[in-house]
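What follows is a set of notes on a single structure, which appears directly below.
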Amino acid sequence: MVDRLANSEANTRRISIVENCFGAAGQPLTIPGRVLIGEGVLTKLCRKKPKARQFFLFNDILVYGNIVIQKKKYNKQHIIPLENVTIESIQDEGDLRNGWLIKTPTKSFAVYAATATEKSEWMNHINKCVSDLLSKSGKTPSNEHAAVWVPDSEATVCMRCQKAKFTPVNRRHHCRKCGFVVCGPCSEKRFLIPSQSSKPVRICDFCYDLLSTGEMPTCQPTRSDSYSHPPKLPLNDMSDDDDDDDSSD
C-alpha cells in the first residue's frame with residue numbers, strides 16, 4: 001500500500017501542502033519514496049503545560065510543529081527519524097488521557113490524543129512504520145532514548161536535595177540524564193551525552209557521580225518515564241510559542 005502511494009500524484013500534492021504550511025522556515029519534505037501516512041492534532045506535554053501541536057506521520061519520519069492557523073500555517077518544525085523511535089503507552093490520569101511516550105535518543109516526550117481510538121490508530125501506524133523501516137534496513141530496534149522531562153508543575157522543590165524551593169529567583173532546571181527538576185546547586189556540572197548534544201549538557205549531581213564512575217551508561221536513561229503522574233492541566237492551549245522543553249535549562 002505504501003509502495004503504491006509513494007509515486008502517486010495525490011501523495012506528492014499532500015506533502016507539498018504540508019511543506020507550504022510550514023513555509024520557508026521549514027525543511028523540504030518531498031523525497032523519493034516518502035509517503036504521508038496521516039496527520040492530526042495531539043496534545044504535547046511541554047515543560048510548562050500541555051500544548052496542542054500538529055503532527056504529521058510519514059513512512060520514515062514524524063514531523064510536528066506549533067499551530068498558527070489550523071490547516072493553513074505552522075511553525076517551529078521538528079523532524080524525528082522513525083528508525084530511532086520507540087513508543088510506550090501511559091496510563092490515564094485526570095484530564096490527561098489517551099497518552100503515550102515518544103522516545104528517541106535525543107529527545108523524549110508524552111503526547112495525548114482526543115480519544116482512545118485515535119490513540120490506538122496513531123500507535124499502530126507508528127509501530128508499523130518503524131517495523132517496516134527496520135525490516136528493510138536490517139537494523140535492530142533502538143534501546144537508547146533520552147529521559148522524559150518532569151513538567152515544572154510537578155516539582156515545587158528540588159527533586160534531588162528535597163530542600164531548595166523554586167521561586168522566580170531560584171529557577172528550575174532539568175537534568176538531561178534523568179529528566180528530574182532540580183535546583184542550580186544540584187545541577188552545576190556538565191557531562192557529554194553524545195546522543196543528545198556535541199557539547200556537555202546539564203545533569204544533576206546524582207547522575208554525574210554515576211556517569212563519572214561508569215555505573216550508569218551514557219546511552220541509557222535512569223528511567224523510561226521520568227514522571228509517573230502527569231499534571232492536571234487544560235488541554236486547549238493553541239499558542240505558537242516555542243516548546244518549553246526546548247529551553248536551555
Side-chain angles (χ1 to χ4, degrees), residues 2 5-6 8-31 34-82 85 87 89-90 92-104 107-130 148-149 151-153 230-247:
V2 170
L5 288 173
S8 73
E9 183 178 337
N11 177 65
T12 301
R13 185 168 58 250
R14 291 176 67 201
I15 295 179
S16 177
I17 291 172
V18 175
E19 286 182 332
N20 291 336
C21 285
F22 278 105
Q27 295 294 315
L29 299 173
T30 302
I31 65 170
R34 176 168 290 164
V35 175
L36 177 58
I37 305 297
E39 62 183 272
V41 177
L42 298 173
T43 298
K44 180 177 180 290
L45 192 59
C46 298
R47 176 178 176 178
K48 299 290 185 183
K49 57 185 176 181
K51 295 183 178 181
R53 296 286 182 255
Q54 183 73 26
F55 280 77
F56 300 91
L57 177 63
F58 296 84
N59 59 330
D60 62 334
I61 58 174
L62 182 65
V63 178
Y64 71 92
N66 296 9
I67 300 169
V68 181
I69 303 174
Q70 183 63 46
K71 295 186 179 299
K72 291 185 178 181
K73 185 177 181 181
Y74 311 111
N75 64 12
K76 307 295 192 249
Q77 184 191 69
H78 297 263
I79 299 177
I80 302 173
L82 285 179
V85 168
I87 58 176
S89 180
I90 51 180
D92 294 344
E93 177 147 345
D95 294 329
L96 292 178
R97 308 176 66 83
N98 311 313
W100 68 97
L101 299 177
I102 296 175
K103 302 186 291 186
T104 79
K107 183 177 182 179
S108 301
F109 53 90
V111 292
Y112 297 84
T115 66
T117 298
E118 187 178 337
K119 169 186 175 179
S120 177
E121 290 176 349
W122 270 102
M123 293 190 71
N124 287 339
H125 283 305
I126 292 173
N127 277 328
K128 178 66 164 58
C129 289
V130 173
V148 181
W149 284 18
D152 283 2
S153 59
K232 300 174 182 178
L233 293 170
L235 304 183
N236 57 357
D237 185 274
M238 300 288 283
S239 77
D240 59 351
D241 296 334
D242 285 329
D243 278 353
D244 294 311
D245 52 353
D246 288 333
S247 161

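- When side chains are defined from C-beta on, Val41 counts as touching Gln70, because their heavy atoms get closer than 4.5 Å.
- Residue Ile15 holds its CD1 atom at 11.0 Å from CZ of Phe56, rounded to the nearest 0.5 Å.
- Taking the six-membered ring where the residue is Trp, His78 and Tyr64 present parallel rings, their angle staying beneath 30° rather than reaching 60°.
- If you take CG on Leu36 and CG on Leu57, they are separated by 8.0 Å, rounding to the nearest 0.5 Å.
- Of all the heavy atoms in Cys46 and Pro151, the pair that sits closest is O-CB, 4.4 Å.
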Practice item. Would you sort out whether Tyr112 and Ile90 count as a side-chain contact (heavy atoms from CB on, under 4.5 Å), showing the intermediate values? Key: CA-CA 9 Å; Tyr112 297 84; Ile90 51 180; 3.4 Å; yes
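- A donor-acceptor pair under 3.5 Å is formed between the side chain of Arg34 and the backbone N or O of Leu29.
- In this structure, CG in Asn66 is found 12.0 Å from NZ in Lys73, a value given to the nearest 0.5 Å.
- Leu42 is listed as a side-chain neighbour of Trp100, based on a closest heavy-atom distance under 4.5 Å.
- Annotation: side chain of Val111 is not in contact with side chain of Arg53 (no heavy-atom distance under 4.5 Å).
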Practice item. For the pair Ile79 and Val63, evaluate side-chain contact (heavy atoms from CB on, under 4.5 Å) and give the outcome as yes or no after the intermediate values. Key: CA-CA 5 Å; Ile79 299 177; Val63 178; 4.1 Å; yes
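- At least one side-chain heavy atom of Pro28 sits under 4.5 Å from a side-chain heavy atom of Glu19.
- Using a 4.5 Å heavy-atom threshold, the side chains of Trp122 and Ile87 count as separate.
- Formation of a donor-acceptor pair under 3.5 Å by the Asp92 side chain with backbone atoms of Asn98 is found in this model.
- For the pair Phe109 and Leu45, the minimum side-chain heavy-atom distance is 4.5 Å or more.
- The CD1 atom of Ile80 sits 9.0 Å away from atom CD1 of Ile126, with the distance rounded to the nearest 0.5 Å.
- The shortest non-hydrogen separation linking Ile37 to Phe58 is CG1-C, 3.8 Å.
- At distances below 3.5 Å, at least one donor-acceptor pair connects side-chain atoms of Lys119 with backbone N or O atoms of Gly99.
- Two residues are said to be in side-chain contact when any heavy atoms from C-beta on lie closer than 4.5 Å; Leu62 and Val85 fail this criterion.
- Separating the CG atom in Leu96 from the OG1 atom in Thr43 is a distance of 8.0 Å, to the nearest 0.5 Å.
- Looking only at side-chain heavy atoms (C-beta outward), Lys71 and Gln54 stay at 4.5 Å or farther from each other.
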